Amino acid sequence: MAASVGQRCLRLQREVAPWRSGYSAQGSRLSLHHCENTALSHFLQPVRKLPLRAFSTNARKVHTAPARTLFLLRPLPFLFVTGGGYAGYRQYEKYREQELEKLGLEIPPKLAGHWEVALYKSVPTRLLSRAWGRLNQVELPHWLRRPVYSLYIWTFGVNMKEAAVEDLHHYRNLSEFFRRKLKPQARPVCCLHSVISPSDGKILNFGQVKNSEVEQVKGVTYSLESFLGPRTSVEDLPFPPAASCSSFRNQLVTQEGNELYHCVIYLAPGDYHCFHSPTDWTVSHRRHFPGSLMSVNPGMARWIKELFCHNERVVLTGDWKHGFFSLTAVGATNVGSIRIYFDRDLHTNSPRYSKGSYNDFSFVTHANKEGIPMRKGEHLGEFNLGSTIVLIFEAPKDFNFKLKAGQKIRFGEALGSL
């Protein structure tokens, strides 16, 4: 390489000589070695300023500058562009699926990969939900309440005629508006059926629990044991299991000939956010799972397997006249606050609890050996926005659901009966 540079130097000297004035004879007697060093230094001077990266080829070792010297990527715009592109792609996929469903074609669910779930879980949804909760507690000026609440009513189709207080100025902040009570006659409780809907919402799935797997939506399941957690000790149970079997489902069934059933109800942001007792039963135990707060809308339920097992949830277990009964309130994005009226020790979406753990509380004490009795339709708890209720219960084989998947349902309407 040095020799070729020296030849170029001599050629340049011969070409430039006729136009240069004052060219001295002493300059023409420069040694070839000195000319080579000068030309090589001049050639490499701008290259030395670049951080070099070497890689090997079959011919020789080549030095190149990294791509970041050619252009600068600004992290924030890059994240917005890629994130927006991905969100747009997901919306297109959702629109295409809806169009195919209208044509009567069944679309197999496309599950998220492990990296997609991990990426979603890395978003600080718990922190964002706590910030949203703080914002909801801020008292709105009197003049601003009607425009803000009217926008929410228009966006989510809220029926304020059912509210106990229809005057929008009555609600001091968003939290009070979300947790508004209904008029007593707005939701009559069905007395003819043994199990009623505990809340307003949309039926995502229902049926028998098979092989200890529960469907969150059609074709997408989650583990029953992962969802409810390990079984409590037999001494703490108000009833003994039918037999000690390896199947977790069989551990929950307490009477011979019974089956295990489930029902999933999704509460949209515009729905009534309180939930009630779905039947006459006794609550003996509470288990709180701190977790993520990913969205639980039907689209996400079709995309992320075991979505309900990832999210924060409160599992209430006990018994009714046919055996085991449980109601689980599942948190979601901006719905970290789950309140159970008779459980003052429960604090959800708290930074003192870490993901992957759970904490238990028993309502059975020496003074109260039965637990908390609940009557059908009685107030049980509330969400701060919309979320999901999952019922898992034991019943005889002739139990029949009075439902269709995807139908809208209101609190007090029948879920099923014997």
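On a predicted model such as this, the values are computed, not experimentally measured, just so you know. Residues take their numbers from the sequence shown, with the count starting at 1.
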Next item on the list: Please answer whether the main-chain N or O of Ile340 pairs with a side-chain N or O of Asp343 as donor and acceptor at a distance below 3.5 Å.
Entry: no
Notebook entry, point to check: Are Phe289 and Arg287 side-chain neighbours, meaning at least one heavy-atom pair lies under 4.5 Å?
Noted result: yes
Next item on the list: Mark yes or no: Arg187 above the aromatic ring of Phe411, with NZ or CZ under 6.0 Å from the six-membered ring centre and no more than 45 degrees from the axis.
Entry: no
Note to self: Are Phe248 and Ser226 packed together at the side-chain level, in the sense that at least one heavy-atom pair is separated by less than 4.5 angstrom?
What the structure shows: no
Next item on the list: Kindly give the heavy-atom pair with the smallest separation between Ala405 and Leu204, and that separation in Å.
Entry: CB-O, 4.3 Å
Notebook entry, point to check: Hey, is Asp280 close enough to Lys376 for a salt bridge, meaning N to O under 4.0 Å?
Noted result: no
Check: Are any non-hydrogen side-chain atoms of Val264 and Phe206 less than 4.5 angstrom apart?
Finding: no
Checklist line | More than 12 heavy atoms from other groups under 6.0 Å of NZ on Lys305 | finding: yes
Notebook entry, point to check: Nearest heavy-atom pair of Ala329 and Ile338: which atoms, and what distance?
Noted result: O-CD1, 3.5 Å
Item checked: Pairwise distance CD1(Ile392) to CG(Leu228) - rounded to 0.5 angstrom -> 4.5 Å
Next item on the list: Could you check if a side-chain atom of Arg339 sits within less than 4.5 angstrom of a side-chain atom of Glu382, using non-hydrogen atoms only?
Entry: yes
Check: Minimum heavy-atom separation for Gly323 to Thr254, with atom names?
Finding: CA-OG1, 3.6 Å
Note to self: Has Ser362 got a side-chain atom pairing as donor or acceptor with Val364's backbone, closer than 3.5 angstrom?
What the structure shows: yes
Margin query: For Glu215 versus His262, what's the shortest heavy-atom pair and its separation?
Written below: O-CE1, 3.4 Å
Margin query: Using salt bridge (charged side-chain N to carboxylate O under 4.0 Å, His left out), reason through Lys183 and Glu166 one step at a time and then give a plain yes or no.
Written below: CA-CA 10 Å; Lys183 296 173 181 176; Glu166 297 184 34; 2.8 Å; yes
Notebook entry, point to check: If we only count heavy atoms from C-beta on, is the Lys121 to Met294 side-chain gap below 4.5 Å?
Noted result: yes
Note to self: With rounding to the nearest 0.5 angstrom, report the CG to CD1 distance, Leu415 to Ile196.
What the structure shows: 8.0 Å
Next item on the list: Check the pair Asn368, Glu370 against side chain to side chain contact (heavy atoms under 4.5 Å, CB included), reporting the backbone distance first and the verdict last.
Entry: CA-CA 6 Å; Asn368 181 9; Glu370 294 184 357; 4.1 Å; yes
Next item on the list: State, to 0.1 Å, how close Gly270 and Phe156 come at their nearest heavy-atom pair, and which atoms those are.
Entry: CA-CB, 3.7 Å
Note to self: For Glu162 and Arg410: C-alpha separation, side-chain torsions, deciding distance, then whether salt bridge (charged side-chain N to carboxylate O under 4.0 Å, His left out) applies.
What the structure shows: CA-CA 12 Å; Glu162 298 177 337; Arg410 302 199 304 177; 2.8 Å; yes
Notebook entry, point to check: Would you find a donor on one side and an acceptor on the other, under 3.5 Å apart, between the side chain of Tyr261 and the backbone of Phe401?
Noted result: no
Check: Taking atom CZ of Arg172 as the centre, does the number of heavy atoms from other residues, nucleotides or ligands within less than 6.0 Å exceed 12?
Finding: no
Note to self: Within the 3.5 Å criterion, strictly below it, is a donor on Trp154 or Ser150 matched to an acceptor on the partner's side chain?
What the structure shows: no
Next item on the list: Kindly compute the distance separating CD1 (Ile304) from OH (Tyr120), expressed to the nearest 0.5 Å.
Entry: 6.0 Å
Checklist line | Residues Glu259, Arg249: salt bridge by 4.0 Å N-O rule | finding: yes
Checklist line | Contact check, side chains of Ser417 and Asn400, non-hydrogen atoms, under 4.5 Å | finding: no
Notebook entry, point to check: Rounded to the nearest 0.5 Å, how far does OG1 of Thr317 lie from CG of Leu252?
Noted result: 9.5 Å
Next item on the list: Could you walk me through whether Val314 and Thr348 pass the side chain to side chain contact (heavy atoms under 4.5 Å, CB included) test, one step at a time?
Entry: CA-CA 8 Å; Val314 176; Thr348 57; 3.9 Å; yes
Checklist line | Interatomic spacing from CZ in Arg286 to CG in Leu346 - rounded to 0.5 Å | finding: 5.0 Å
Check: Looking only at heavy atoms, which two atoms of Gln137 and Ser175 are closest? And how far apart?
Finding: NE2-OG, 3.5 Å
Item checked: Exercise: do Glu312 and His288 side chains pair donor with acceptor under 3.5 Å -> yes
Item checked: Ion pair check, Arg145 and Glu139, cut-off under 4.0 Å -> yes
Check: Any donor-acceptor pair under 3.5 Å linking the side chain of Glu394 with the backbone of Gln255?
Finding: yes
Check: Is there a side-chain contact between Val390 and Cys263 (heavy atoms, below 4.5 Å)?
Finding: no
Next item on the list: Give a yes or no on whether the backbone of Thr221 and the side-chain of Glu306 come within a donor-acceptor separation of less than 3.5 Å.
Entry: no
Notebook entry, point to check: Side-chain contact, heavy-atom cut-off 4.5 Å: Leu260 with Phe324?
Noted result: yes
Checklist line | Under 3.5 Å: donor-acceptor pair, side chain of Asn211, backbone of Glu213 | finding: no
Next item on the list: Check the angle between the aromatic planes of Trp320 and His322 and answer parallel, tilted or perpendicular using the 30° and 60° thresholds.
Entry: perpendicular
Check: Any chance NZ of Lys210 has more than 12 other-residue heavy atoms, nucleotides or ligands included, within less than 6.0 Å?
Finding: no
Note to self: In this structure, is the centre-to-centre distance between the rings of Phe178 and Tyr171 below 6.0 Å?
What the structure shows: no
Checklist line | Verdict with reasoning, Asn205 to Gln216, per side chain to side chain contact (heavy atoms under 4.5 Å, CB included) | finding: CA-CA 6 Å; Asn205 214 312; Gln216 57 191 30; over 6 Å; no
Next item on the list: Please find out if less than 6.0 Å separates the ring center of Phe363 from that of Phe342.
Entry: yes
Next item on the list: Evaluate the criterion side chain to side chain contact (heavy atoms under 4.5 Å, CB included) for residue pair Phe227 and Val214; output intermediate values, then yes/no.
Entry: CA-CA 9 Å; Phe227 181 68; Val214 186; over 6 Å; no
Note to self: I'd like to know if Glu413 and Lys402 make a salt bridge, using a cut-off of under 4.0 Å between side-chain N and carboxylate O.
What the structure shows: no
Checklist line | N/O donor-acceptor pair under 3.5 Å between Arg126 side chain and Gly291 backbone | finding: yes
Margin query: For a ring-ring contact (aromatic ring centres under 6.0 Å, His included) check, start with the C-alpha distance between Phe399 and Phe393, then their side-chain angles and the critical distance, and finish with the verdict.
Written below: CA-CA 11 Å; Phe399 181 87; Phe393 57 94; 5.3 Å; yes
Item checked: Ser194 backbone acceptor or donor facing Thr279 side chain under 3.5 Å -> yes
Next item on the list: Report yes or no: does Asn258 contribute a side-chain atom to a donor-acceptor pair with the main-chain N or O of Val253 at less than 3.5 Å?
Entry: no
Notebook entry, point to check: Any idea how Trp281 and Phe325 line up, ring-wise: parallel (<30°), tilted (30 to 60°), or perpendicular (>60°)?
Noted result: tilted
Note to self: Tell me if a side-chain donor or acceptor on Arg313 pairs with a main-chain N or O of Cys309 at a distance below 3.5 Å.
What the structure shows: yes
Check: Taking the six-membered ring for Trp, are Tyr149 and Phe177 parallel (under 30°), tilted (30 to 60°) or perpendicular (over 60°)?
Finding: parallel
Notebook entry, point to check: CG/Leu316 to OG/Ser326 distance, rounded to the nearest 0.5 angstrom?
Noted result: 8.5 Å
